[in-house]
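Residues: numbered from 1 along the sequence shown. Remember, predicted model here, so these are calculated numbers, not experimental data. Below, each value reflects all heavy atoms present in this structure, side chains not excepted, and no hydrogens, waters or symmetry copies.
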Amino acid sequence: RHSVFYTWCIVDDAMVEDITSRTADLEAYSKHDDIFVPVMEAKKTYCVRNGSLSYCRDVLIAPGPSESTAVLGCQSVRRISLAKRQDRVEVTLGPNSWVSMVALWCDWTYLGTLQALDTVELVSFNVASIVEVLSRYPQLLKMNRSYACAYSLLSGDPDHVRTLELEINPGRVCMAMAHEERLAF
C-alpha cells in the first residue's frame, strides 16, 4: 500500500470505493511485453501484484534543460541541467513495487522501458480518473498540491533523476514539503 493512497482513504471512507472502482484496473502481461517505452506519455501509475519487471534506461544527457511540471497545481517549473554523459540504469522490480508515480504528480514522457520478465499482474491506476475522483474531495486539494510541488522539486535532485519513473520515497517527498503542510498531511 502506498502512503499517499492510504492518506486519501483515511480522510474519507468513500474515497476507498471511488479510487478502486473508478481508477483501478488489473492488467496482465506476458514475458517480454513492454509496459512502457521511451517517448510514451505517462498516463498510469502501477503497483506490481505478481511477477517481476525490468526497468532499463539509457541516460544520454545533452546540455540543456529538461522540464517537469506538476499536474495538481504547482505553478513553478523545475528545470534539470546535467553534464553530458552516458549511463545505464537497470532495476528489477517485484510484488508490491510501485512504478510511475511520477505520472500522478507531473506531466511526464517516459525516458526508460518497463518490461515483463515473466507473467506479470499489475494494478494500474488511470491518472486522469484519479484527478477526477480527487476533485470531489476538496479537503485534499491543498495536501495534494503541496505533495505535487515537493515531488516536482525532488525530481530535479540527482539522487532521484536516474530512477524517477519508478518511485521517489514518499517519506522524502513529505520531508520536502513545508513544515506546516507536513503537519496537515
Side-chain angles (χ1 to χ4, degrees), residues 1-12 15-16 18-20 22-24 36 40-48 55 57 59 61 64-83 87 89 91 93 96-112 114 122-185:
R1 124 183 103 186
H2 194 281
S3 60
V4 172
F5 286 98
Y6 179 74
T7 302
W8 290 341
C9 295
I10 61 172
V11 167
D12 191 315
M15 187 170 230
V16 176
D18 270 356
I19 290 287
T20 56
R22 297 177 192 267
T23 72
F36 61 74
M40 184 176 170
E41 273 188 72
K43 295 182 184 249
K44 295 179 182 180
T45 188
Y46 304 93
C47 182
V48 182
Y55 172 78
R57 174 179 167 200
V59 183
I61 303 171
S66 297
E67 296 182 6
S68 67
T69 58
V71 172
L72 294 173
C74 182
Q75 298 300 314
S76 64
V77 174
R78 290 289 301 156
R79 295 197 179 272
I80 306 166
S81 182
L82 301 172
D87 197 4
V89 175
V91 179
L93 304 162
N96 301 315
S97 297
W98 284 89
V99 181
S100 190
M101 287 301 287
V102 68
L104 183 58
W105 304 112
C106 302
D107 291 327
W108 190 257
T109 301
Y110 291 117
L111 303 172
L114 185 65
L122 301 175
V123 178
S124 68
F125 297 88
N126 181 293
V127 171
S129 297
I130 289 175
V131 171
E132 181 183 316
V133 167
L134 289 174
S135 71
R136 292 193 288 274
Y137 296 87
Q139 68 272 30
L140 294 172
L141 181 61
K142 185 176 180 183
M143 180 194 74
N144 290 330
R145 183 174 289 137
S146 176
Y147 193 91
C149 290
Y151 198 100
S152 181
L153 177 68
L154 287 177
S155 71
D157 184 326
D159 291 340
H160 300 294
V161 76
R162 292 171 41 111
T163 56
L164 178 63
E165 294 174 347
L166 302 179
E167 171 66 301
I168 295 176
N169 181 315
R172 296 224 30 212
V173 178
C174 286
M175 292 307 293
M177 295 167 64
H179 177 60
E180 59 277 354
E181 292 169 348
R182 277 198 315 263
L183 292 175
F185 196 80

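A distance of 11.0 Å separates CG of Asn144 from SG of Cys149, quoted to the nearest 0.5 Å. The SG atom of Cys47 lies 5.5 Å from the CG atom of Asn96; values are rounded to the nearest 0.5 Å. Separating the OG1 atom in Thr109 from the CZ atom in Phe36 is a distance of 12.0 Å, to the nearest 0.5 Å. Atoms CG and NZ, from Leu104 and Lys44 in turn, are 14.5 Å apart once rounded to the nearest 0.5 Å. Here the OH atom belonging to Tyr46 is positioned 8.0 Å from the CG atom belonging to Leu114, to the nearest 0.5 angstrom.
Looking at Thr45, its side chain does come within 3.5 Å of a backbone N or O of Val99 through a donor-acceptor pair. Of the possible polar contacts, none joining the Thr23 side chain to the Ser129 backbone as a donor-acceptor pair under 3.5 Å is found.
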Original post:
Can you list the steps and then say if Leu93 with Trp98 is a side chain to side chain contact (heavy atoms under 4.5 Å, CB included)?
Top reply: CA-CA 9 Å; Leu93 304 162; Trp98 284 89; over 6 Å; no

**OP:** Using the side chain to side chain contact (heavy atoms under 4.5 Å, CB included) rule, take Ser100 and Trp108 through it: C-alpha gap first, then chi angles, then the decisive distance, then the call.
**Re:** CA-CA 9 Å; Ser100 190; Trp108 190 257; over 6 Å; no

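For Arg22, the salt bridge (charged side-chain N to carboxylate O under 4.0 Å, His left out) criterion is met by Asp18, not counting sequence neighbours. Judged as a side-chain contact (heavy atoms from CB on, under 4.5 Å), and not counting sequence neighbours, the contacts of Ala128 are Asn126.
Phe125 approaches Ala24 most closely through the heavy-atom pair CE2-CB, 3.7 Å.
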